[in-house]
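A quick write-up on the structure given underneath.
Sequence lines set the chain letters: A, B, ... in the order given, protein chains first and strands last, and positions in each chain run from 1.
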There are 2 protein chains.
Amino acid sequence: MKKKKVVLASGTFDLLHYGHVKYLEEAKKIGGKNAELIVIVARDSTVKKRKGRRPVMPEDQRRSLVEALKVVDEAILGCEDFDMIKVVEKTKPDIIAVGYDQSDIEREVRKAVAERGIPIQVVKIGRFGKEGLNSSSKIKRKIISRLGGKRA
Amino acid sequence: MKKKKVVLASGTFDLLHYGHVKYLEEAKKIGGKNAELIVIVARDSTVKKRKGRRPVMPEDQRRSLVEALKVVDEAILGCEDFDMIKVVEKTKPDIIAVGYDQSDIEREVRKAVAERGIPIQVVKIGRFGKEGLNSSSKIKRKIISRLGGKRA
């Protein structure tokens with residue numbers, strides 16, 4: 001029997017929306033039938049370091065919510081210093097799926113994989129829809145523009 | 001073999017958070033082993049009528065996200081005029097689980113069930129945790145207070 005493929009996806013998943021689910025479903029699909037999807041959820045400290053501020057939702061709640069999705073087999077918190085090789089060694093994926101807005105991560109992953117000659121396929125997933133509330137930033141902007149001066 | 005129980009839960013599920021998942025898990029648990037959980041997701045128009053404004057996330061995205069949760073067997077949009085009896089006739093639940101903040105709905109459901117002598121158990125689910133980001137309103141307030149004047 002062919003070994004099932006492990007797909008690794010990652011993200012912050014602050015304010016979970018349907019675009020996240022579509023990204024994860026597309027990622028899992030690349031692994032074929034019976035693929036296992038492991039999701040790395042970024043630590044609060046990593047997000048603070050990369051984006052200058054912590055996410056709205058704390059890391060343990062973001063992780064639990066991602067793991068509560070049907071498409072996800074396991075959700076784990078990332079390494080404090082986002083050492084991609086550590087994560088790869090731990091989860092041993094066949095495929096790493098990066099999101100449309102994860103160019104930094106894609107670069108780091110491709111570099112790490114090439115340097116060590118690890119046989120991992122790196123795949124970029126397209127954006128779900130061109131418009132609508134398909135990013136956490138857009139959702140935040142909508143909340144602020146609608147409710148900024150009022151009681152939420 | 002004993003018939004599996006159908007549990008009906010409902011809500012708006014605007015800005016999905018882990019408190020929602022806990023409410024749904026508790027609701028399903030009441031139905032015992034193999035219970036089926038059907039979730040009614042409130043229409044945008046119903047929320048507008050009840051709370052004076054539409055949710056941040058549109059109804060089709062809120063429904064899809066709720067149905068993407070492991071604990072949920074089926075998520076359906078409510079009736080435009082929130083006629084509880086219509087929903088009950090359609091889904092034929094054994095149990096209706098109402099959330100800690102759904103006193104209006106609890107009253108309507110209990111009244112409808114009593115008036116028609118329908119053998120449905122109505123159960124109120126407690127709040128998940130007393131503090132933290134366990135309500136959509138709290139999350140919106142946090143976003144506004146942190147990012148109100150800045151680029152989201």
Side-chain angles (χ1 to χ4, degrees), chain A residues 13-26 28 37 39 41 44 47-48 51-75 128-129 131-152, chain B residues 13-26 28 37 39 41 44 47-48 51-75 128-129 131-152:
Chain A
F13 305 99
D14 197 20
L15 306 182
L16 197 75
H17 54 78
Y18 198 60
H20 289 136
V21 176
K22 293 303 285 182
Y23 156 58
L24 295 172
E25 283 176 353
E26 287 302 311
K28 192 167 191 170
L37 179 66
V39 183
V41 176
D44 292 342
V47 179
K48 171 98 170 78
K51 300 192 181 176
R53 61 170 168 256
R54 299 172 97 75
V56 172
M57 304 302 292
E59 60 190 25
D60 54 336
Q61 281 196 42
R62 290 184 287 110
R63 193 207 66 78
S64 301
L65 194 52
V66 168
E67 199 167 77
L69 294 170
K70 284 175 183 138
V71 69
V72 176
D73 294 286
E74 196 183 350
F128 167 60
E131 290 173 27
L133 292 168
N134 54 2
S135 90
S136 298
S137 301
K138 279 191 196 174
I139 297 169
K140 288 175 198 167
R141 281 199 291 273
K142 181 168 175 188
I143 293 168
I144 292 164
S145 73
R146 283 182 53 187
L147 309 170
K150 300 177 210 161
R151 193 180 155 271
Chain B
F13 305 98
D14 198 19
L15 306 182
L16 197 74
H17 55 78
Y18 198 60
H20 289 135
V21 176
K22 294 302 285 182
Y23 155 57
L24 295 173
E25 284 175 354
E26 288 302 311
K28 192 167 192 170
L37 179 66
V39 182
V41 176
D44 292 342
V47 178
K48 172 97 169 80
K51 298 191 181 177
R53 62 172 167 255
R54 300 171 96 76
V56 173
M57 304 302 290
E59 59 189 26
D60 53 337
Q61 282 197 43
R62 290 184 286 111
R63 193 207 67 79
S64 300
L65 194 52
V66 168
E67 199 168 77
L69 294 170
K70 283 176 182 137
V71 68
V72 176
D73 294 286
E74 194 184 350
F128 168 59
E131 289 172 30
L133 291 168
N134 54 4
S135 89
S136 298
S137 302
K138 278 190 196 174
I139 297 168
K140 289 176 197 167
R141 281 198 293 271
K142 182 169 175 188
I143 293 168
I144 292 164
S145 74
R146 284 183 53 187
L147 308 170
K150 300 176 210 161
R151 193 178 155 272

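- With a 4.5 Å cut-off on non-hydrogen atoms, A/Glu67 touches chain B through its backbone and its side chain both.
- For chain A, the option among B/Leu69, B/Leu15, B/Leu16, B/Val21 with the highest count of heavy-atom pairs below 4.5 Å is B/Leu69.
- With rounding to the nearest 0.5 Å, the separation of NZ in A/Lys70 from CG in B/Asp73 is 7.0 Å.
- For the atom pair NE2 of B/His17 and CE of A/Met57, the computed distance is 7.0 Å after rounding to the nearest 0.5 Å.
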